[in-house]
Undergrad: 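Quick one: structure below, then a few questions.
Both backbone and side-chain heavy atoms feed into the values below; hydrogens, waters and symmetry mates do not. Keep in mind that what you see is a predicted model, and the values were worked out from it rather than measured.
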Amino acid sequence: MHPVFLETFGCQMNELDSELVRGQLTTLGYRFVNDPAEARVVLFNTCSVREQAEQKAYSRIGIVGKRKAAGETIVLGVIGCMAERDGVDLLRRHPQVDLMCGPAELDRLPQLIDNALRTQTAEDSVVLSQEERTALAGNRSRRSSTLAAAEDNLETLDISRAFDEASIGGARRSAQVRITRGCNKFCTYCVVPATRGAEIHRPPDHIVEECRRLAEAGALEVTLLGQTVNHYRYEHGLAVTVDGRQAAQVGPGLTAFRSAPPASSRVTTFAQLLRRIHDEVPQILRLRFVTSYPRDFGDDVLAVMRDCPRVCKYLHIPAQSGSDRILKLMNRGYSRGEYVDFVQRALALVPDVCIAGDIIVGFPTETDDDFEQTCSLVRELPFKNNFIFKYSPRPGTVAIDRFADDVPDAVKRLRNNTLLAIQSETSRRVHAAWIGRTVDVFFSDVRAPRVSRERTEDESAHENAGTHASVMELPQLSAAGSVGVKALHASRAHTVDSGSTRWQAVGRTSGDLICSAFAAT
Ligand code: SAM
Ligand code: SF4
């Protein structure tokens, strides 16, 4: 059957989408290859969050275009957020692209590939219509909650995923499970609500069952995925059944979190979902979740994190800025004070919890004073790490229409570097507090150490975490290649360079501190 090459750009949600696409196409007989030169079908699963991510995809599209111009017969598909954001205009600008499929329409991908393959091999020249080449949601998914739920064929894709080596990351034995798709928050800079559509919550029974089957397949770690996981809420009274199965459900919006649900309505909240998975699938030794939203993060979730030993003590909860003025322009819905209060509440209620986040520098109108407030937030709170991004104006967002991108790139770069240095110092402090403690590490990778090169600040910070992890009895780990003392799991060793004399094991603590440990072979 036809060989397929699939390259993924962007976030964990895209990685999971790619895994589901891979499972779906494998079931249909397609074979996946690691080299695009061997592929008959080339797919790029794209990201639109920042311009840089799109540029990478365009450059790959250009390379395949040259091969097609030189006479190779290839089906080229652009799937994911860029397809949805660009729409059919992408086909006009890049005629080498045969098909496009948005993230909310991936269940229709096999049909699109089939259309393209059959056209390319037809004896008479056939021209496919736009409908036969594209599957895009447009605004359909926002029409109404009932309609969107009934139209949500994607649930089928999640439910019918393969439970095999690939689904648990091979030897890494770490899997991802989606709990919520899309987003209703409309942060002004963000393209996600436009590309992934309305926030849709999957039925809790489907999620728990998926976790159970992944555990049976060998997963020891599961990460629950959603753009704002703490806003997960499934109202059983409103559940719609489609083809005899409970359908996913559109999120209730922010107002639902202002008061507790009425006692009469049966609701599964995020805290309840987390506890259910923890209690009902105890084979999962590590249960993580990303991303959390700083608003409406209740003590009920913190209590589950505190009380359930297999729920990781880790919160990825992006602040985005430390300036109230900028937070307001971003439409984040919380103030700096509320963010700080939340982090302090989490630190007080969940011993050893580690906090990480995302920050955007150079948002329109950001002054030196606004930026200084972000710097002081990163000094003040014990962030284990922050992903720091330069603001990138994105078509389809409110910010690009409402605000001029008026912070010069040189200033964005300077702020980015300044904040990285401050974060590095904060990381060092956070890591230093762990030195001398014995920690459980989930070793997911054992490999030959990388050839020495200058380390980035971030890696140096991670090294601090490695300092205490090296108390592990690693000689055993490298000798047996599969068991680590005090480690929850050590994966099978990957290929090791023949000249190598030392092994490197890389793993994470419950709080997601990265631990590197070395041992001689
Ligand atoms: N849902 C998550 C949340 O609310 O924090 C984040 C999802 S977003 C795909 C990942 C990160 O990309 C964001 O937290 C933000 O920091 C960054 N990001 C999103 N849009 C951006 C833009 N236009 N420019 C720069 N960074 C952006
Ligand atoms: Fe984007 Fe905001 Fe939704 Fe996160 S919460 S995905 S940043 S719109």
Undergrad: Before you tell me yes or no, could you show the steps for Cys354 and Asp512 under side chain to side chain contact (heavy atoms under 4.5 Å, CB included), namely the whole-Å CA-CA distance, both residues' side-chain angles and the distance that decides it to 0.1 Å?
TA: CA-CA 7 Å; Cys354 290; Asp512 206 49; 5.8 Å; no
Undergrad: Taking salt bridge (charged side-chain N to carboxylate O under 4.0 Å, His left out) as the cut-off, I'd like each qualifying pair that reaches into residues 211-220, sequence neighbours left out, listed once.
TA: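 Listed by first then second residue: Glu209-Arg212.
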Undergrad: Got a sec, which residues hit ring-ring contact (aromatic ring centres under 6.0 Å, His included) with Phe289, two or more places apart in sequence or on another chain?
TA: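 Partners of Phe289 under the ring-ring contact (aromatic ring centres under 6.0 Å, His included) test: Phe270.
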Undergrad: Keeping the roles fixed (side chain from Ser323, backbone from Ile326), state whether a donor-acceptor pair exists under 3.5 Å.
TA: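 The answer is yes, because a donor-acceptor pair under 3.5 Å joins these two groups.
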Undergrad: Within a 6.0 Å radius of atom CD on Glu72, are there more than 12 heavy atoms belonging to other residues, nucleotides or ligands?
TA: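 For Glu72, atom CD is crowded (more than 12 foreign heavy atoms under 6.0 Å).
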Undergrad: Under the 3.5 angstrom rule, does the side chain of Asp406 hit a backbone N or O of Thr365 as a donor-acceptor pair?
TA: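 The answer is yes, because a donor-acceptor pair under 3.5 Å joins these two groups.
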Undergrad: So, do Leu16 and Arg161 sit near enough that their side-chain heavy atoms are less than 4.5 Å apart?
TA: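 Side chain of Leu16 against side chain of Arg161, heavy atoms only: contact under 4.5 Å found.
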Undergrad: Starting from the C-alpha separation in whole Å, work towards a yes-or-no answer on salt bridge (Lys or Arg N to Asp or Glu O under 4.0 Å) for Arg394 and Glu54.
TA: CA-CA 11 Å; Arg394 305 309 296 134; Glu54 288 199 346; 3.0 Å; yes
Undergrad: Decide yes or no for Val78 and His94: does some side-chain heavy atom of the first lie under 4.5 Å from some side-chain heavy atom of the second?
TA: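 A side-chain contact under 4.5 Å is absent here.
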Undergrad: Can you tell me if Asn331 uses its side chain to pair, donor with acceptor, with the backbone of Phe186 under 3.5 Å?
TA: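 Yes.
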Undergrad: Search all heavy atoms of Ala83 against all heavy atoms of Leu136 and return the closest pair with its distance.
TA: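 Looking at all heavy atoms of both residues, the shortest contact is O-CD2, 3.6 Å.
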Undergrad: What is the minimum heavy-atom distance between Glu210 and Phe163, and which atoms define it?
TA: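 Closest pair (atom of Glu210, atom of Phe163, distance): O-CE2, 3.6 Å.
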Undergrad: Ignoring hydrogens and geometry, is there a side-chain-to-backbone donor-acceptor pair from Gln423 to Phe383 under 3.5 Å?
TA: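 Flag set: sc Gln423 to bb Phe383 pair under 3.5 Å.
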Undergrad: Are Val49 and Cys190 packed together at the side-chain level, in the sense that at least one heavy-atom pair is separated by less than 4.5 angstrom?
TA: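 Counting from C-beta outward, Val49 and Cys190 never come under 4.5 Å.
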Undergrad: Identify the heavy atoms of Phe363 and Thr188 that sit nearest to each other, and give their distance.
TA: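 Residues Phe363 and Thr188, closest heavy atoms: CZ-OG1, 3.6 Å.
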Undergrad: Under the 3.5 angstrom rule, does the side chain of Glu132 hit a backbone N or O of Ser129 as a donor-acceptor pair?
TA: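 Looks like yes, one N/O pair under 3.5 Å.
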Undergrad: How far apart are the closest heavy atoms of Ala194 and Gly396, and which atoms are they?
TA: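 Looking at all heavy atoms of both residues, the shortest contact is CB-O, 4.3 Å.
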Undergrad: Donor-acceptor check, side chain of Asn230 to backbone of Arg295, threshold 3.5 angstrom: yes or no?
TA: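 Pair found, side chain donor or acceptor close to backbone of Arg295.
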Undergrad: If you compare all heavy atoms of Ala116 against all heavy atoms of Val75, which two are closest, and at what distance to 0.1 Å?
TA: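 Smallest heavy-atom distance, with atoms named: CB-CG1, 3.8 Å.
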Undergrad: Is the closest side-chain heavy-atom distance between Met13 and Val192 below 4.5 Å?
TA: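 Met13 vs Val192: side chains apart.
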Undergrad: Under the salt bridge (Lys or Arg N to Asp or Glu O under 4.0 Å) criterion, do Glu221 and Arg172 qualify, and how do the steps go?
TA: CA-CA 9 Å; Glu221 179 175 67; Arg172 291 178 52 242; 5.4 Å; no
Undergrad: Just so I know, are the side chains of Ile63 and Lys66 near enough to count as touching, which here means a heavy-atom distance under 4.5 Å?
TA: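 No. Closest side-chain heavy atoms not under 4.5 Å.
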Undergrad: Is any side-chain heavy atom of Asn115 less than 4.5 Å from a side-chain heavy atom of Asp98?
TA: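 Side-chain contact under 4.5 Å: no.
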Undergrad: Take Asp405 and Lys412, measure what salt bridge (Lys or Arg N to Asp or Glu O under 4.0 Å) needs, and give me the verdict at the end.
TA: CA-CA 11 Å; Asp405 179 21; Lys412 286 182 188 168; 2.9 Å; yes
Undergrad: Would you sort out whether Arg245 and Glu155 count as a salt bridge (Lys or Arg N to Asp or Glu O under 4.0 Å), showing the intermediate values?
TA: CA-CA 10 Å; Arg245 225 181 27 220; Glu155 188 57 21; over 6 Å; no
Undergrad: Check the pair Gln320 / Asp358 against side chain to side chain contact (heavy atoms under 4.5 Å, CB included), numbers first and verdict last.
TA: CA-CA 6 Å; Gln320 309 295 2; Asp358 301 344; 3.9 Å; yes
Undergrad: Report the residues that fulfil salt bridge (Lys or Arg N to Asp or Glu O under 4.0 Å) with Asp17, sequence neighbours left out, ordered by chain and then residue number.
TA: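 Asp17 satisfies salt bridge (Lys or Arg N to Asp or Glu O under 4.0 Å) with Arg178, Arg196 once adjacent residues are dropped.
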Undergrad: Name all residues meeting the salt bridge (Lys or Arg N to Asp or Glu O under 4.0 Å) criterion together with Asp114; count only those two or more places apart in sequence or in a different chain, and write none if there are none.
TA: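 Salt bridge (Lys or Arg N to Asp or Glu O under 4.0 Å) list for Asp114, sorted by chain: Arg118.
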Undergrad: Does a side-chain heavy-atom distance below 4.5 Å link Asp158 with His206?
TA: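 The answer is no, as the side chains (C-beta and beyond) never meet within the 4.5 Å cut-off.
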Undergrad: Please list, one pair per line, the donor and acceptor atoms closer than 3.5 Å that link side chains of residues 1-9 to other protein atoms, with sequence neighbours excluded.
TA:
from	atom 1	to	atom 2	distance (Å)
Glu7	OE1	Arg60	NE	3.0
Glu7	OE2	Arg60	NE	3.3
Glu7	OE2	Arg60	NH2	2.7
Thr8	OG1	Ser18	OG	2.7

Undergrad: Closer than 3.5 angstrom, by distance alone: can the side chain of Thr241 be matched with the main-chain N or O of Gly244 as a donor-acceptor pair?
TA: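 Checking the backbone N and O of Gly244 against the side chain of Thr241, no donor-acceptor pair under 3.5 Å is found.
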Undergrad: I'd like to know if the side chain of Arg173 and the backbone of Gly218 have a donor-acceptor N/O pair within less than 3.5 Å.
TA: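 Judged by distance alone, yes, a pair lies under 3.5 Å.
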Undergrad: Between Thr180 and Tyr232, is there a donor-acceptor pair closer than 3.5 Å when you use the side chain of the first and the backbone of the second?
TA: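 Absent.
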Undergrad: Testing the basics here: between Ala39 and Val42, what is the closest heavy-atom pair and its distance to 0.1 Å?
TA: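 In terms of heavy atoms, the two residues are closest at CB-CG2, 4.0 Å.
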Undergrad: I want to check something: taking the side chain as every heavy atom from C-beta on, are Arg40 and Leu117 in contact at a cut-off of under 4.5 Å?
TA: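 Contact flag for Arg40/Leu117 side chains = yes.
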Undergrad: Sort and list the pairs that fulfil salt bridge (charged side-chain N to carboxylate O under 4.0 Å, His left out) and have at least one residue in residues 23-37, not counting sequence neighbours.
TA: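 Sorted pair list comes back empty.
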Undergrad: Other residues, nucleotides and ligands only: do more than 12 of their heavy atoms fall within 6.0 Å of CD on Gln12?
TA: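 Count over threshold, so yes.
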Undergrad: Return the CG to CG distance between Leu414 and Leu419, rounded to the nearest 0.5 Å.
TA: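 If we round to the nearest 0.5 Å, Leu414:CG and Leu419:CG are 11.0 Å apart.
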Undergrad: Would you check if the side chain of Lys68 reaches a backbone N or O of Gln96 as a donor-acceptor pair within less than 3.5 Å?
TA: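 Checking the backbone N and O of Gln96 against the side chain of Lys68, a donor-acceptor pair under 3.5 Å is found.
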Undergrad: How long is the span from the CD1 atom in Ile400 to the OG atom in Ser392, to the nearest 0.5 Å?
TA: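 Ile400 CD1 to Ser392 OG: 8.5 Å, rounded to 0.5 Å.
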